[in-house]
*Asks:* 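Okay, here's the structure, questions in a sec.
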Amino acid sequence: MCQLTRVVMAHSSSSKPVGSSSAPASFGRSLDTEVKFVKGVGPRVMGILKKLNITTAKDLLYHFPRRYEDRTHFARIASLEHGETATICGVVLTADNVKTRGRLVLTKVVVDDGSGCIVLTWFNQQYRKEQFNKLRGREVVAYGTAQIGRWGVEIGSPEIEVCSDETDSLSSIRIVPIYPLTEGIFQVHLRKIISGAVELYTELLEETLPEEFLDRLDLVDIQTAIRNIHFPESQESLLAARKRLVFEELFVLQLALAMRKRGIEAPGQGIAFNIPPDLDAQLKELLPFELTGAQKRVIGEIARDMSRPMCMNRLLQGDVGSGKTAVALAAMMIAVKNGYQAAMMAPTEILAEQHYLGISNLLGDHDLMGIRVDLLTGSLKSKNRRDVTERVASGQTQIVIGTHALIQENVEFRNLGLVIIDEQHRFGVMQRAALTEKGLKPDVLVMTATPIPRTLTLTVYGDLDVSIIDELPPGRKPVKTHWKQVTERRKVYAGVRSLIEQGRQAYVVCPLIEESEKLQVQAAAELAEHLQAEIFPDLKIGLLHGGMKSDERDTVMSAFLAGQIHILVSTTVIEGGVDVRNATVMVIEDAHRFGLAQLHQLRGRVGRGDEQSYCVMICEGNNQDSITRMTTMASTNDGFVIAEEDLKLRGPGEFYGTKQSGMPELTIADIFRDIPILEIARKEAFAIIEKDPGLSNESFAGLRKDLLKKYEAFELAAVS
Ligand code: ADP
Ligand code: MG
C-alpha cells in the first residue's frame with residue numbers, strides 16, 4: 001500500500017476548542033497582514049494571488065475550495081469502470097510522447113497501483129514526458145474520469161499530484177481541498193500557503209454571529225468553520241462548516257435586503273390612499289369580464305399596501321395572458337380617485353401603445369369616469385409631445401402611459417402617486433428609481449410576465465413584496481407546442497395554411513440577429529418577401545419590425561387586428577403585450593437562437609382566445625442546450641417551470657440583469673442548492689431588522705461592520 005497512509009494528519013480541526021490555541025500570543029499577526037508576509041508567499045506569488053483577489057491573510061482564509069476530493073479512499077485501478085470519476089494512487093512506470101493521426105502529440109504515462117495499470121494522457125503538453133520521466137518509481141495521485149480506450153483503462157487530462165518525500169499530508173489520505181487557481185500557481189502550492197494561513201490566522205477570527213444563533217440554529221463557530229472548510233476531517237465536519245458559512249453569507253445579504261426594503265418603504269412618508277368603497281363596483285362596470293380569483297386576491301394585496309402610509313414596493317408576477325392589465329387598472333383607479341396621478345412605463349413603444357389603447361378604451365366607454373389618459377413615447381411629434389407634457393405637469397392628465405420617455409428630465413408631474421413598471425427585467429434598477437423620483441414617495445408596482453424563480457425573488461428581488469397571479473382567465477386552452485426540423489418546414493407551412501383556411505391568423509417570428517438592428521430588419525423583410533412570393537402568394541402577408549415608425553407599425557397592427565392580414569412576419573417586437581385573439585398559430589424560425597424566457601414570451605402571443613392554438617419552433621437542434629430548451633418548451637406551458645430551467649441553463653448572473661442589481665457575488669452560497677438555508681436566513685434577518693432597524697444592538701457590532709463593508713453600494717437607508 002502506498003506510503004501516504006502512514007502520514008499523520010496535520011490539521012486536527014474540530015477537536016480544537018474555540019479561541020484557544022497552542023501557538024504563542026498573536027503578537028504582530030493580524031488578519032489584515034499583507035499576503036506577502038504570509039509564509040510561503042513572496043513578491044512573485046503575491047502578484048499571482050492578487051489575481052485571485054487575495055491581498056491579506058484573511059483573504060486566504062476566505063478563499064474557499066471549489067470542490068473536494070475524498071482521498072480517504074483511492075479507487076483500485078483494476079476495478080475502475082468506464083465513465084467512473086475517481087482518484088487513484090500508483091507508481092509511475094513510463095512516460096512517452098506519441099504522434100496521433102491529427103498530428104497532435106499525445107503524452108502517455110503509465111501508472112501501476114498493484115492491482116493494475118492505467119494510462120494517463122495529455123494532448124499537446126510535451127513537457128509532461130520529461131516531468132514524468134523524472135518521477136519514475138515515485139507515487140502520484142491522479143484524479144479524473146476513467147475510460148476504456150486504445151490502451152486499456154485511461155484517464156484523459158487528469159489532475160495530478162506527486163506524493164513528495166517530505167510527504168505532503170495535505171494532499172494525501174484525507175478529504176483534499178481543490179482551490180480555484182489562476183495562471184502561475186499550482187494546487188499543491190496554494191494548498192500549502194492556505195494551510196499555513198489557516199494554522200496561524202484562524203484563531204484571530206472573531207465570531208460575528210450572536211451565541212444564541214449558533215445554539216438555536218445549530219451552527220458551528222467561525223474558527224471551526226474556517227478550519228473545516230479547508231481541511232475537513234470528515235464529510236460531516238465539512239458539511240457543518242459549509243452550513244455555517246453559507247448561512248452567514250446569506251444572512252448578511254438578507255440583512256442588507258431587509259434594510260434596503262425598510263429604506264424604500266420610508267415608514268410614515270408614503271401616501272396613505274383611501275380605498276374607494278365602490279372600487280369593486282366600478283371595476284365590474286369597466287371590465288368586460290369577471291375578475292379571476294387570483295386577480296381579486298392580488299388587487300386586495302395591492303390595495304392594502306396602497307392604503308398604508310408607507311411606500312408600496314411590490315412585484316406583480318403573472319404569466320403572459322394572466323390579466324395583469326386589469327390589476328394595474330385597479331391600482332390606477334385607486335390613485336386617481338384620491339386625486340393623484342398614475343404613470344405606467346413599458347419597455348417598448350408597441351407595448352406602451354397597446355396599454356394605452358386598452359386602458360383608454362376601457363375608460364373611454366365610460367364617460368362617468370372622466371379620467372384623462374395620455375401616451376408619452378419617444379416618437380411623439382414635438383407639438384404633441386409638448387401638449388402631453390404640459391397636461392402631465394398641470395395635472396390635467398391623470399394617467400400617463402409611456403416608454404423611457406417618461407423618465408426624461410423635462411417630464412414633470414403635478415402629483416405622481418403611483419408608478420407601474422411593466423416587464424421589470426428590461427429596466428435596470430436605476431430606471432426604476434428615476435421614475436419613482438418624479439413623485440414624492442409614490443407607490444411602486446413592478447409587473448413582470450416572466451415568472452421569476454423563487455431563488456431570485458428571495459435574493460435579487462428580495463427587497464420587493466411579491467404578488468402572484470397563478471390562475472389564467474377561464475376557458476384558455478394550453479398552447480400546443482411542437483419542435484420541427486428545418487427539413488419539415490414545408491409541412492409546417494401547410495399546417496399554417498390549413499388554419500388560415502379555417503379563418504385563423506398566424507405569426508411568423510423571424511430569426512434573431514443580435515449583432516445588428518439593420519441586419520435584423522433586413523432578415524424580417526426578406527422572410528416576408530419569400531413567404532409572399534414562394535409560399536403564400538394568395539395570402540396577405542404583413543411585416544412588423546423595430547425599424548418601422550410607430551404610425552407604420554400602428555397601421556400594420558390595426559390591419560392584423562382587423563383580420564386584413566393573414567400572416568404577420570415579425571421580429572421580437574411582438575414579444576410583449578400584443579393581443580390578437582384570432583391569431584392561433586406562431587411559427588418561430590431558428591428557434592434555437594432564442595432563450596427560453598424569450599420563447600415563452602413569444603408563445604404568449606397565441607392562445608389568447610377560445611380556439612386551440614399552436615406554437616411551432618423550427619430549429620437546428622444539434623447542441624445540447626438548444627435541445628433542452630426545445631424539449632422544455634414542448635413539455636410545459638408553465639412559466640415558472642420554464643423560468644427555473646432558464647435559470648439553470650444560464651446561471652443567475654445572466655438572468656434578468658442580475659448584474660445591475662448591485663448585489664455582490666456570493667462566494668460560498670449557491671442560491672439553488674441552499675434554498676432551505678436561504679429561507680431561514682431571510683426569516684431571521686427580517687425579524688432582526690424589524691426590531692432593530694439600524695443593527696445598533698451591541699451583539700451585532702461585528703455583523704454591522706461586515707455588512708457595511710460588503711454592501712456599501714446597496715443604499716442601506718436604515719443603517720445610516
Ligand atoms: P397580461 O398582461 O398578464 O399578459 P392581459 O392583461 O393583457 O394579460 O390579459 C390578457 C387577455 O385576457 C386580455 O385580452 C384580457 O382582456 C383578458 N382577460 C384578463 N382578465 C380576464 C378575466 N378575468 N376573464 C377573461 N378574460 C380576461
Ligand atoms: Mg401585459
Side-chain angles (χ1 to χ4, degrees), residues 279-280 282-302 314-333 344-348 350-366 373 399 401 420-426 445-452 466-479 505 507 557 560-562 572-584 586 597-611 613 615 637-640 642-643:
L279 181 68
D280 287 351
Q282 289 199 345
L283 284 172
K284 233 184 173 118
E285 195 165 339
L286 284 175
L287 299 172
F289 44 74
E290 175 82 11
L291 291 170
T292 62
Q295 282 169 319
K296 284 185 194 152
R297 172 173 46 77
V298 166
I299 290 173
E301 288 164 1
I302 292 168
R314 187 167 279 278
L315 178 68
L316 171 60
Q317 297 188 52
D319 215 338
V320 274
S322 61
K324 291 184 293 299
T325 316
V327 172
L329 181 66
M332 292 194 282
M333 298 280 297
M344 182 162 171
M345 181 159 73
T348 65
I350 291 201
L351 202 54
E353 284 159 20
Q354 288 252 331
H355 279 312
Y356 170 71
L357 289 176
I359 285 168
S360 46
N361 276 345
L362 286 175
L363 293 169
D365 296 346
H366 298 76
V373 186
I399 294 180
I401 295 167
I420 299 183
I421 298 176
D422 194 11
E423 307 286 332
Q424 146 85 1
H425 63 277
R426 308 231 204 143
L445 180 66
V446 174
M447 305 200 298
T448 171
T450 314
I452 298 171
V466 177
S467 287
I468 301 178
I469 309 183
D470 50 7
E471 178 187 355
L472 290 179
R476 295 279 168 79
K477 294 196 181 74
V479 178
Q505 290 163 280
Y507 294 103
M557 275 318 295
F560 191 55
L561 197 57
T572 53
V573 294
I574 52 140
E575 182 181 317
V578 172
D579 193 9
V580 178
R581 291 172 177 220
N582 192 45
T584 60
M586 169 174 287
Q598 204 167 21
L599 288 170
H600 182 64
Q601 285 291 307
L602 285 168
R603 177 170 60 182
R605 295 310 110 215
V606 293
R608 300 178 77 89
D610 304 332
E611 298 285 336
S613 287
C615 174
N637 277 292
D638 184 332
F640 278 94
I642 289 170

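For ligands, and for the atoms within them, numbers begin at 1 and follow the listed sequence.
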*Asks:* May I have all residue pairs that pass side-chain hydrogen bond (donor to acceptor under 3.5 Å, both in side chains) and include part of residues 468-478, sequence neighbours excluded?
*Replies:* R297-D470
*Asks:* If you count every heavy atom of other residues, nucleotides or ligands that lies below 6.0 Å from D610 atom CG, does the total exceed 12?
*Replies:*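 Result for CG/D610: open.
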*Asks:* For ligand 1, which part of D319 has a heavy atom less than 4.0 Å away: the side chain, the backbone, both, or neither?
*Replies:*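 Answer for D319: backbone.
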*Asks:* List the atom of P347, the atom of D422, and the distance in Å for their closest heavy-atom pair.
*Replies:*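 Answer, listing the atom of P347 first, then D422: CD-O, 3.6 Å.
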*Asks:* With sequence neighbours excluded, give me every salt bridge (charged side-chain N to carboxylate O under 4.0 Å, His left out) pair touching residues 351-360.
*Replies:*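 Of all non-adjacent pairs touching residues 351-360, none passes salt bridge (charged side-chain N to carboxylate O under 4.0 Å, His left out).
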*Asks:* Measure across A352 and I401 and return the closest heavy-atom pair with its distance rounded to 0.1 Å.
*Replies:* O-CG2, 3.5 Å
*Asks:* G323 versus ligand 1: do any nitrogen or oxygen atoms come within less than 3.5 Å of each other?
*Replies:* yes
*Asks:* Under 4.0 Å from any heavy atom of T292, which atoms of ligand 1 are there?
*Replies:* 23 (N)
*Asks:* Numbering the atoms of ligand 1 from 1, which are under 4.0 Å from a heavy atom of E290?
*Replies:* 22 (C), 23 (N), 24 (N)
*Asks:* Applying the side chain to side chain contact (heavy atoms under 4.5 Å, CB included) test to L316, which of V446, V466, I468, V298 qualifies?
*Replies:*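 Per the side chain to side chain contact (heavy atoms under 4.5 Å, CB included) rule, the option paired with L316 is V298, out of V446, V466, I468, V298.
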*Asks:* Working to the nearest 0.5 angstrom, can you tell me the gap between M344 CE and M332 CE?
*Replies:* 5.5 Å
*Asks:* With a cut-off of 4.0 Å, which atoms of ligand 1 are near a heavy atom of Q295?
*Replies:* 19 (C), 20 (N), 22 (C), 23 (N)
*Asks:* Tell me, please: is R581 in heavy-atom contact with ligand 1, that is, under 4.0 Å?
*Replies:* yes
*Asks:* Which is it for L291 and ligand 1 at heavy atoms under 4.0 Å: side chain, backbone, both or neither?
*Replies:*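 Just the backbone.
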*Asks:* Can you tell which of L351, T325, V327, L472 gets a heavy atom nearest to atom 2 (O) of ligand 1?
*Replies:*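 The option holding the nearest heavy atom is T325.
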*Asks:* Show your reasoning for whether side chain to side chain contact (heavy atoms under 4.5 Å, CB included) applies to Y507 and L602.
*Replies:* CA-CA 10 Å; Y507 294 103; L602 285 168; over 6 Å; no
*Asks:* When you look for heavy atoms under 4.0 Å from ligand 1, do you find them on the side chain of R476, its backbone, both, or neither?
*Replies:*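 Under 4.0 Å from ligand 1, R476 contributes side-chain atoms alone.
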*Asks:* Looking only at heavy atoms of R605, does any of them come nearer than 4.0 Å to an atom of ligand 1?
*Replies:*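 R605 does not count as a contact of ligand 1 under the 4.0 Å cut-off.
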*Asks:* State the atoms of ligand 1, each with its element, that fall below the 4.0 Å cut-off from a heavy-atom position in S322.
*Replies:* 3 (O), 8 (O)
*Asks:* Taking the non-hydrogen atoms of G321, is any one of them nearer than 4.0 angstrom to ligand 1?
*Replies:*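 Yes, G321 has heavy atoms under 4.0 Å from ligand 1.
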